[in-house]
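Notes to accompany the following structure.
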Amino acid sequence: MRRARVIINPAAGSGRSAHAWPDAIVALREAGLDPDFVLTERPSQATALAQEAARDGVDLVVAVGGDGTAHEVANGLLRQPQPPPLGLIQTGTGSDLSRVLQLPRGVAAQARLLAQAFPLSLDVGWFEYQGPEGRERRAFLIIGCVGLSARVVRRAAGWKPLGRSLTYFLVALTEWWSAQGVQTVATLDGATERLSIVDLQVLNVPWAGGGMYLAPGANPQDGRLEALITLDQSRWRLLNPLLRVYRGSHIHQRGVRYGTTKRLRVEPVPAQPVALDGEYVSETPAEFWVSAGALSVLAKEVRLE
């Protein structure tokens with residue numbers, strides 16, 4: 001019987017996880033797994049718990065929560081050599097990884113899937129920055145963003161009583177109104193140019209932010225990242241791509257650059273905030289790169305696109 005360490009974020013999904021996780025444990029046992037579980041009590045705790053689980057030699061680590069919980073658990077696993085695969089039971093509000101991995105709906109169905117799922121090797125994005133104790137790096141599964149998007153993430157963290165969707169909409173509206181370009185030295189795969197950038201998003205998967213189709217060409221198994229750069233323009237022209245992100249047609253708008261990269265460095269002046277997978281992390285300068293097939297994730301046998 002395979003041993004599973006289940007890391008539960010009871011705050012995910014506006015508290016949805018707190019009600020759903022007992023059903024997840026029951027379903028995992030009924031599916032033939034041997035789960036033990038731990039509940040997180042504070043942000044970033046899941047990273048240390050995942051690292052501990054990998055050292056304990058469990059067969060898989062299951063993250064119960066949203067994409068942010070998966071982000072923390074993945075960072076813990078990636079700190080260990082030859083970590084066990086990651087399993088997901090998604091109870092968050094965004095759940096973009098569910099779309100990518102084509103997970104079934106419902107806690108019980110996702111738990112049953114883990115007993116018969118295949119390990120898929122997924123690319124991992126990395127972000128390197130200057131931390132309080134020197135150079136640090138952190139992995140992301142979905143998106144790294146600089147500028148307007150990161151400011152939205154940072155400000156929205158203090159507006160939780162309004163609800164995630166309404167909060168992000170209101171904060172994005174205020175940031176759009178005051179958005180302006182920042183002079184930036186950008187280096188993509190060794191080619192350097194100076195740009196006036198409003199927003200930069202580096203994506204590993206097609207969807208982010210709860211279903212926005214930001215990177216139509218992204219594939220987390222191709223060894224590349226997608227770079228979406230919004231250049232300086234009037235606020236009314238900027239509104240045009242913002243209204244098209246759920247259809248994916250924003251990448252064809254004027255003032256938008258979109259393409260693939262393996263390594264990207266940006267040095268804006270003044271420094272800009274950086275967020276990863278919906279969490280504010282640090283400020284620029286920032287360097288992003290991809291590590292091909294670095295994380296094993298359990299899913300049904302599908303071809304990712």
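Just so you know, residue 1 is the first one in the sequence shown, and it goes up from there. Treat the numbers as computed from the prediction; the structure is a model and nothing was measured.
Put simply, the side chain of Leu86 reaches to within 4.5 Å of the side chain of Leu88, judged on heavy atoms. Side-chain atoms of Phe118 and Leu298, non-hydrogen and from C-beta on, never get closer than 4.5 Å to each other. Between Ile8 and Thr40 there is no side-chain heavy-atom pair separated by less than 4.5 Å. Put simply, the side chain of Val107 does not reach to within 4.5 Å of the side chain of Gln90, judged on heavy atoms. Annotation: side chain of Val281 is in contact with side chain of Phe127 (closest heavy-atom distance under 4.5 Å). A 4.5 Å side-chain heavy-atom check between Ile142 and His71 finds every atom pair outside the cut-off. When side chains are defined from C-beta on, Arg29 counts as touching Pro35, because their heavy atoms get closer than 4.5 Å. Side-chain contact between Gln130 and Glu136 is absent, with no heavy-atom pair separated by less than 4.5 Å.
Taking CD1 of Ile251 as the start and CD1 of Ile229 as the end, the distance is 13.5 Å to the nearest 0.5 Å. Atom OG1 of residue Thr187 and atom CG of residue Leu264 lie 8.0 Å apart, to the nearest 0.5 angstrom. One finds the OG atom of Ser291 at 7.5 Å from the CZ atom of Arg137 (value rounded to the nearest 0.5 Å). The CD1 atom of Ile197 sits 4.0 Å away from atom OG1 of Thr184, with the distance rounded to the nearest 0.5 Å. Separating the OG atom in Ser282 from the CD atom in Glu128 is a distance of 11.5 Å, to the nearest 0.5 Å. Atom CD of Gln51 sits about 10.5 Å away from atom CG of Leu78, to the nearest 0.5 Å.
The shortest heavy-atom contact between Thr69 and Ala12 is OG1-CB, 4.4 Å. Annotation for Ala179 and Leu238: closest pair CB-CD2, 3.8 Å, computed over non-hydrogen atoms. When all heavy atoms of Gly144 and Leu276 are compared, the closest pair comes out as CA-CD2, 3.6 Å. Across all non-hydrogen atoms, the minimal contact from Gln110 to Pro104 is NE2-O, 3.0 Å. Closest non-hydrogen pair, Asp199 versus Val146, comes out as OD1-O, 3.1 Å. Shortest non-hydrogen contact noted between Ala150 and Ala275 is CB-N, 3.7 Å.
Within a 6.0 Å radius of CZ in Arg135, other residues, nucleotides and ligands contribute more than 12 heavy atoms. Residue Gln180 places its CD atom among 12 or fewer non-hydrogen atoms of other residues, nucleotides or ligands, all under 6.0 Å distant.
Within the structure, ring pair (Phe, Tyr, Trp, His ring centres under 6.0 Å) contacts touching residues 23-46 (residues at least two apart or in different chains) are Trp21-Phe37.
At a cut-off of 3.5 Å, with distance as the only test, no side-chain donor of His252 or Arg244 sits close to an acceptor on the other residue. The closest side-chain donor-acceptor pair between Thr47 and Asn75, if any, does not fall under 3.5 angstrom. Between the side chains of Asn9 and Gln45, no donor-acceptor pair is found at a separation under 3.5 Å.
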Full working for side chain to side chain contact (heavy atoms under 4.5 Å, CB included) between Thr230 and Leu148: CA-CA 10 Å; Thr230 303; Leu148 187 152; over 6 Å; no
Residues Val182, Val269; criterion side chain to side chain contact (heavy atoms under 4.5 Å, CB included); working and verdict: CA-CA 6 Å; Val182 176; Val269 179; 5.6 Å; no
Stepwise side chain to side chain contact (heavy atoms under 4.5 Å, CB included) test for Tyr258 and Leu214: CA-CA 10 Å; Tyr258 179 73; Leu214 292 174; over 6 Å; no
Glu226/Arg224 under salt bridge (Lys or Arg N to Asp or Glu O under 4.0 Å): CA gap, chis, key distance, verdict: CA-CA 7 Å; Glu226 308 291 303; Arg224 303 188 69 86; over 6 Å; no
Side chain to side chain contact (heavy atoms under 4.5 Å, CB included) assessment of Thr91 paired with Val64: CA-CA 7 Å; Thr91 58; Val64 180; 4.3 Å; yes
CA sep, side-chain torsions, deciding dist, call: Glu193, Arg257, salt bridge (Lys or Arg N to Asp or Glu O under 4.0 Å): CA-CA 13 Å; Glu193 58 183 322; Arg257 289 193 181 188; 2.7 Å; yes
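Asp96 contributes a side-chain N or O that, together with a main-chain N or O of Gly210, makes up a donor-acceptor pair within less than 3.5 Å. A donor-acceptor contact shorter than 3.5 Å is absent between the side chain of Tyr280 and the backbone of Arg155. Remark: side-chain polar atoms of Asp34 are not paired, donor with acceptor, to backbone N or O of Arg3 under 3.5 angstrom. Panel note: side chain Asp277, backbone Ile143; a donor-acceptor pair is recorded below 3.5 Å. Of the possible polar contacts, none joining the Thr284 side chain to the Ala286 backbone as a donor-acceptor pair under 3.5 Å is found. Checking side-chain atoms of Ser234 against main-chain N and O of Arg237 turns up a donor-acceptor pair under 3.5 Å. In this structure, Arg235 contributes its side chain and Trp177 its backbone to a donor-acceptor pair below 3.5 Å. Asp59 places no side-chain N or O within 3.5 Å of a backbone atom of Pro84 that could act as its donor or acceptor partner. Remark: side-chain polar atoms of Asp189 are not paired, donor with acceptor, to backbone N or O of Thr261 under 3.5 angstrom.
A salt bridge links Arg265 with Glu287: at least one charged nitrogen is closer than 4.0 Å to a carboxylate oxygen. A salt bridge does not link Arg154 to Glu279: none of the charged nitrogens lies less than 4.0 Å from a carboxylate oxygen. In summary, Asp36 and Arg5 engage in a salt bridge, as defined by a charged side-chain N under 4.0 Å from a carboxylate O.
Residues Leu225 and Val124 do not share a hydrophobic cluster, clusters being chains of Ile/Leu/Val/Met/Phe/Trp/Tyr side chains in contact below 4.5 Å. In this structure, Leu122 is a member of the same hydrophobic cluster as Leu77, with clusters built from ILVMFWY side-chain heavy atoms closer than 4.5 Å. Cluster membership check: Leu141 shares its hydrophobic cluster with Val61, using side-chain heavy-atom separations under 4.5 Å among Ile, Leu, Val, Met, Phe, Trp and Tyr. No path of Ile, Leu, Val, Met, Phe, Trp and Tyr side chains, each step under 4.5 Å between heavy atoms, connects Leu101 with Val62, placing them in separate hydrophobic clusters. Hydrophobic clustering places Leu239 together with Val198 (ILVMFWY residues linked when any side-chain heavy atoms are closer than 4.5 Å, directly or through intermediates).
Taking the six-membered ring where tryptophan is involved, the planes of Trp289 and Trp126 are essentially parallel, since the angle between them stays under 30° and well short of 60°.
With sequence neighbours left out, Gln233 forms a side chain to side chain donor-acceptor pair (under 3.5 Å) with no residue at all. Listed by chain and residue number, Pro206, Trp207, Pro216 satisfy the side chain to side chain contact (heavy atoms under 4.5 Å, CB included) test with Tyr213 (two or more places apart in sequence, or in another chain).
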